[in-house]
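Below: the structure, in structure tokens.
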2 protein chains.
Amino acid sequence: MTDLTSRQKIILSLIVHEHTRTAQPVASKTLIEDYGLHISSATVRNEMNTLAELGFIRQPHTSAGRVPTEEGYRFFVSKLVQQTALPSATRNTITHQFYQSRRGLDHWLPLAASVLANQSQAVSLVTAPHSEKIAFKHIELISTRGSQVLMVLVLVGGEIRQQLLALDEVYSQESLSQTANQFNLNFENKSLRQIEALEPSTEPLVLQILAAILDQMHLTEELVTGELFLDGLSNVLSTPEFAASNQERSPLRLLEERPMLNDLLSRTVLTEDIGGVQVLIGGEGTWQELRDCSVILTRYGIQDQLSGMLGILGPMRMPYGQAISAVRFVGDLLSDLVTDTLIE
Amino acid sequence: MTDLTSRQKIILSLIVHEHTRTAQPVASKTLIEDYGLHISSATVRNEMNTLAELGFIRQPHTSAGRVPTEEGYRFFVSKLVQQTALPSATRNTITHQFYQSRRGLDHWLPLAASVLANQSQAVSLVTAPHSEKIAFKHIELISTRGSQVLMVLVLVGGEIRQQLLALDEVYSQESLSQTANQFNLNFENKSLRQIEALEPSTEPLVLQILAAILDQMHLTEELVTGELFLDGLSNVLSTPEFAASNQERSPLRLLEERPMLNDLLSRTVLTEDIGGVQVLIGGEGTWQELRDCSVILTRYGIQDQLSGMLGILGPMRMPYGQAISAVRFVGDLLSDLVTDTLIE
DNA sequence: TTTAGCACTCTCCTTACGAGAGTGCTAATT
DNA sequence: AATTAGCACTCTCGTAAGGAGAGTGCTAAA
């Protein structure tokens, strides 16, 4: 069905390339002149007709040049795109930025977003890594004012949750520390289910802390992703794909409304293994907001343990080769960093 | 110099109001018809001439209606704007949203951004509270893998910093806890300067931890603001003030590039006391990116101890009354919450 | 199968023109 | 002195018409 001759593939690739560059319909003459094809424009037009019948390109109007269709981009991405690896100088610069200051995720995640945005000239998104299984690692109780206590909960994988508790009475820092230590001894590496199954203590302080721990662990479990980092918004402001559509249907709403974003991520990249890059073109009939956009996503982290997600969102007319390479590169980089600094 | 008659003030207010509503030049006839002025259009035009001479309004072209100038908005905001308090039902709903789940800042700050964006139909920004003086509150050392240790540092005010340390050798969790306790006993409430002045220990573990603590405290001290939360970006995508300008000059760049934002905040709201609302109209000659925009900012928190900042960024043509009220209201709300949950 | 040649179509730019909105000015009125 | 009715004037905006140019589709020849 989709058996294109190699010449047809070349022509489709060139149309995609040229249209990405100029945002204009591509004429047959442009192809042979600018890309040095040794065939005539009439031949190109004949091939274009075939491609149009297959649904890969279309004419905005009679006697206009050709524009790739959604299907055309899909075919291009799945069969024709050449991953134009980032120049090694660029790769070195980026790697260096990540490794020069081993400050940790709070530094790396915004940096990853910034790098992706710059490389792709689109909007980038990066989520903090999130554990597959929620398990207790460490707790700390810090007396603050009166009966108010700051609880800092560290989970296996390194997620940190904090909560301010208003306890029923004033406890000394000493007894708080003692209680925390009990929890640390008994709960280390225990999963949420295991903790829930334990015989509850009768001591009021322990009970209150336990409730808070379970509460936080439940909250964390329900999270689809960790914290979200965006960058490159100003890259797409002027593109018609983002601005023109009415506010209700803006692709950016997908990034601002967490339920929408969670839905998108759950149904795409979260079903994939780590390392695979997924390309979503034109909303795939499911997301109206993405009608004129494409999303490139990947998962990073450690399979079955800890993973976050990153990618870019841009107009459908996008340099896919570069963009896919950039996403893959930054994803691998973050996977390495997460592996090095895993808290287990 | 700027002594307007009360009728001139009314006319200016009406022009601002009508232009905010329609985004069109305002005709003299529109004013008397839609707002029921009991004077003739010719009189209104005479007054308009006076206002134009004072530089408060201008004509896009001869024989067109009038549009407020930057100066006009400035006068309007400083002398004429009426704070249209949020309807009490809205206030209750919002307050309820904040108080119903006392989850803490990680919940309140995005909520504040969301509320501001909805109320103003502009972009909102909220920064996490940041201490005026950096002081040690509590430290925790958690053994993870091999010689890797997770340090969790809590500062007075409640800021939490984490860092993964690669120590020179493997220490047991016991000795780590012991060391942490030493720090907690000796350093509580000590400022960065006080800690730096202390006689250094000779024990290698203590030295390494101390270096990390000082490092994190220095990093925190250099921070102008805490973490940044944005919302409402899709509100402004379609407005010409944001989209039309070229990418380099987009007002959104000010929000994406931290140095720019820090500069803006340092030179405006950070010089003010908590509670005051500052309105920046048209970049005030300093920020080219804001040529067609206005920014409304306030500081929240506890004077001289802990403060963050919040506000909105929208087109210059903006319902100032509502926007200022919303910013003030949410600011006060966050101030109360921060006061209630202060870690001291 | 490829290609030269050419008529045809559609966009886009320019010009022209009229309707309509809104003003500025003058002279009359309060 | 302040206000207003009246009216000519100016500028925008929408529509229509015409022409240039880009690009195609098709046919017939190579």
Side-chain angles (χ1 to χ4, degrees), chain A residues 3-12 14-69 72 240 244 317, chain B residues 3-12 14-69 72 240 244 317:
Chain A
D3 273 353
L4 299 194
T5 66
S6 73
R7 191 169 67 187
Q8 286 165 344
K9 289 181 185 169
I10 291 173
I11 290 176
L12 179 55
L14 294 182
I15 291 174
V16 167
H17 183 264
E18 183 67 10
H19 182 253
T20 301
R21 212 174 57 82
T22 63
Q24 296 293 323
V26 180
S28 52
K29 210 174 122 199
T30 313
L31 289 190
I32 55 171
E33 283 181 357
D34 294 11
Y35 294 90
L37 293 189
H38 291 148
I39 49 180
S40 76
S41 65
T43 309
V44 173
R45 284 201 294 279
N46 283 334
E47 297 287 37
M48 280 174 158
N49 274 332
T50 316
L51 289 172
E53 276 166 29
L54 291 169
F56 290 158
I57 57 179
R58 64 185 178 83
Q59 286 179 288
H61 58 86
T62 341
S63 85
R66 305 309 206 288
V67 168
T69 61
R317 176 178 61 79
Chain B
D3 274 353
L4 298 195
T5 66
S6 73
R7 191 168 66 185
Q8 286 164 343
K9 290 180 183 169
I10 291 173
I11 290 176
L12 179 55
L14 293 182
I15 291 174
V16 167
H17 183 266
E18 183 67 10
H19 182 253
T20 301
R21 213 174 57 82
T22 63
Q24 297 293 324
V26 181
S28 52
K29 210 174 121 198
T30 312
L31 289 190
I32 55 172
E33 283 182 355
D34 294 11
Y35 294 90
L37 292 190
H38 290 150
I39 49 180
S40 78
S41 66
T43 309
V44 173
R45 284 201 293 280
N46 283 335
E47 296 287 38
M48 280 174 160
N49 275 332
T50 316
L51 289 171
E53 275 165 30
L54 291 169
F56 291 158
I57 57 180
R58 64 184 179 83
Q59 285 179 288
H61 58 86
T62 342
S63 85
R66 305 310 206 287
V67 168
T69 60
R317 174 178 63 78

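Bear in mind that the values here come from a model prediction, so they are computed numbers and not experimental data. Within every chain, numbering begins at 1; the chains are lettered A, B, ... in the order of the sequence lines, protein sequences first and strands thereafter. Values below: all heavy atoms of this structure, side chains included; hydrogens, waters and symmetry mates excluded.
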**Steps toward side chain to side chain contact (heavy atoms under 4.5 Å, CB included) verdict (I39(B), V44(B))** = CA-CA 7 Å; I39(B) 49 180; V44(B) 173; 3.8 Å; yes

**Prompt:** Of the non-hydrogen atoms in H19(B) and P25(B), which two are nearest, and what is the gap between them?
**Reply:** CD2-N, 4.3 Å

**Message:** For a quick test of reading the model, state the closest non-hydrogen atom pair linking S41(A) to I32(A) and the distance between them.
**Reply:** N-CD1, 3.8 Å

**Request:** Apply side chain to side chain contact (heavy atoms under 4.5 Å, CB included) to the pair V67(B) and Q24(B), showing each step before the final yes or no.
**Result:** CA-CA 8 Å; V67(B) 168; Q24(B) 297 293 324; over 6 Å; no

**Prompt:** Can you check the Q8(B) CD to dA2(D) P distance for me, whole Å?
**Reply:** 11 Å

**Item:** For T43(B), all residues meeting side-chain hydrogen bond (donor to acceptor under 3.5 Å, both in side chains), sequence neighbours excluded
**Value:** S40(B)

**Fill in**
Sorted by number, residues from residues 25-47 of chain A placing a heavy atom under 4.0 Å from DNA chain D are V26(A), A27(A), S28(A), R45(A)

**Request:** Please list, in 5' to 3' order, the outermost nucleotides of DNA chain C lying under 4.0 Å from any heavy atom of chain A.
**Result:** dT2(C) to dT11(C)

**Request:** Evaluate the side chain to side chain contact (heavy atoms under 4.5 Å, CB included) criterion for residues R58(B) and R66(B): first the C-alpha distance (whole Å), next the side-chain angles of each, then the deciding distance (0.1 Å), finally the verdict.
**Result:** CA-CA 5 Å; R58(B) 64 184 179 83; R66(B) 305 310 206 287; over 6 Å; no

**Asked** Could you go step by step and tell me if I57(A) and V16(A) meet the side chain to side chain contact (heavy atoms under 4.5 Å, CB included) rule?
**Response** CA-CA 9 Å; I57(A) 57 179; V16(A) 167; over 6 Å; no

**Message:** Could you work out how much the helix from dT1(C)-dA30(D) to dT30(C)-dA1(D) bends, comparing the axis of its first five pairs with that of its last five, to 10°?
**Reply:** 30°

**Request:** Quick one: list whatever passes side chain to side chain contact (heavy atoms under 4.5 Å, CB included) with Q8(B), sequence neighbours left out.
**Result:** L4(B), T5(B), E47(B), T50(B), L51(B)

**Request:** Under the side chain to side chain contact (heavy atoms under 4.5 Å, CB included) rule, collect the residues that match up with H38(B), sequence neighbours excluded.
**Result:** none

**Complete:** Contacts satisfying side-chain hydrogen bond (donor to acceptor under 3.5 Å, both in side chains) that involve residues 25-35 of chain B (not counting sequence neighbours) are H17(B)-Y35(B), E18(B)-Y35(B), S28(B)-R45(B)

